[in-house]
Amino acid sequence: AEQQPASSTLKAALDACRRHIGFVILFSACLNLLYLAPSIYMLQVYDRVLASGGLLTLVYISLVLVVSLGVLAFLDGTRMRLLLTMSRRLDRLLAPHVLAASLQREGRAAAGQAQILREFDSLRGALSGPPAVAAVDAPWAPIYIAVCFMIHPWIGVLALIGGAVLVGIAVLNHRVMHSAMKTNEEAAGAIYGLQMSDINQGDTARALGMQSRLVERQLKARLSLNDSINSAGSANAFYSSTTKFARLVLQSAALGLGAFLALRQDISAGGIIACSILCSRAFAPLELIVGAWRQFEQGRQAFGIITRVLRTQETSREYTS
């Protein structure tokens with residue numbers, strides 16, 4: 001009998017987690033709909049409660065808001081637990097194959113200078129951490145922008161321009177981080193490989209009195225690794241802070257534009273706060289993407305490495321008499 005090639009193992013493991021991914025997407029949809037609750041609450045408070053003085057109405061809509069936010073918090077926690085469960089399942093399905101491939105000469109050659117298990121953990125982290133959350137929340141940004149257009153076209157235009165600015169920052173971050181992370185991975189793989197080689201030769205080096213030379217060689221190799229880590233970290237910090245600055249400016253601009261439109265009586269007083277909250281929610285996933293881009297790049301590179309490593313496993317055959 002002939003078994004499936006090991007290169008299909010990764011796809012089979014991801015297919016086995018399809019149900020988890022489906023529930024994560026469903027809960028994300030419910031979460032993002034519930035994020036509209038504060039905006040609706042502010043509209044009702046300013047336009048209905050303050051205008052009519054209805055204290056009972058304020059109590060009722062406040063209770064609805066508290067319940068909505070409670071459900072939101074529950075779904076958010078459940079989504080994170082689902083992602084962690086998916087990560088554990090991937091580990092159970094893939095770890096034995098990755099370990100087996102790492103023991104083969106062909107698997108180590110396919111990984112290059114990267115550490116196979118470390119790359120596997122990076123892949124799991126990307127699939128269950130901030131990059132995954134950003135990926136499922138980002139498609140809702142256009143919906144929030146569309147709701148901004150419903151409040152007033154100028155609010156929608158501001159949200160659209162702001163979204164384009166944040167996407168542009170994310171694209172620039174991608175170009176810079178892609179090069180920086182590639183250099184970082186090469187440097188890390190080289191130093192970890194050198195460390196394993198020196199460990200294997202530790203007894204010989206100690207006998208020949210060369211242990212201090214090996215330490216000096218590893219410290220010199222770490223200089224390159226530290227430079228690449230600092231370069232990648234500095235680039236990511238710069239673009240993350242730039243994104244946060246742009247988001248805060250745009251959110252304040254939405255508040256100011258809402259006040260201007262309210263003075264012209266183009267929108268109600270509740271629309272001032274509502275448009276600020278909606279713009280903030282539209283920009284939040286885009287900011288999260290930039291902040292998680294380093295981990296996303298690590299996961300993307302790890303996916304390619306794990307795919308190559310698993311592909312090296314030869315098809316095994318069992319012969320019966």
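This is a predicted model, so every value here is computed, not measured. Along the sequence shown, the residues carry numbers beginning at 1. Below, all heavy atoms of this structure are taken into account, side chains as well, without hydrogens, waters or symmetry copies.
Identified under the side chain to side chain donor-acceptor pair (under 3.5 Å) test for residues 12-27, with sequence neighbours left out: Lys11-Asp15, Asp15-Arg18. Legend: salt bridge (Lys or Arg N to Asp or Glu O under 4.0 Å) pairs involving residues 240-264, not counting sequence neighbours, sorted by first then second residue: Arg247-Glu287, Arg264-Asp266. Legend: side chain to side chain donor-acceptor pair (under 3.5 Å) pairs involving residues 73-82, not counting sequence neighbours, sorted by first then second residue: Ser28-Arg79, Asp76-Arg79, Thr78-Arg81, Arg79-Asp137. Listed by first then second residue, pairs satisfying side chain to side chain donor-acceptor pair (under 3.5 Å) with a partner in residues 154-169 number zero, not counting sequence neighbours.
In this structure a side-chain-to-backbone donor-acceptor pair under 3.5 Å is missing from Ser87 to Leu83. Within the 3.5 Å criterion, the main-chain N or O of Val64 finds a donor-acceptor partner in the side chain of Ser68. Looking only at distances, no side-chain donor or acceptor of Tyr144 sits under 3.5 Å from a matching main-chain atom of Ala159.
One distance of note links CG of Leu166 with CD1 of Ile161; it measures 12.0 Å at 0.5 Å rounding. Taken from CG in Leu72 to OH in Tyr35, the straight-line distance is 5.0 Å, to the nearest 0.5 Å. Leu255 contributes atom CG, which lies 5.5 Å from atom CD1 of Ile273 (distance to the nearest 0.5 angstrom).
Looking at heavy atoms from C-beta onward, Leu278 lies in side-chain contact with Ile151 at the 4.5 angstrom threshold.
Counting side-chain heavy-atom gaps under 4.5 Å among Ile, Leu, Val, Met, Phe, Trp and Tyr, the cluster of Leu63 also holds Val59. Grouping Ile, Leu, Val, Met, Phe, Trp and Tyr by side-chain contacts under 4.5 Å, direct or through others, puts Leu56 with Tyr60.
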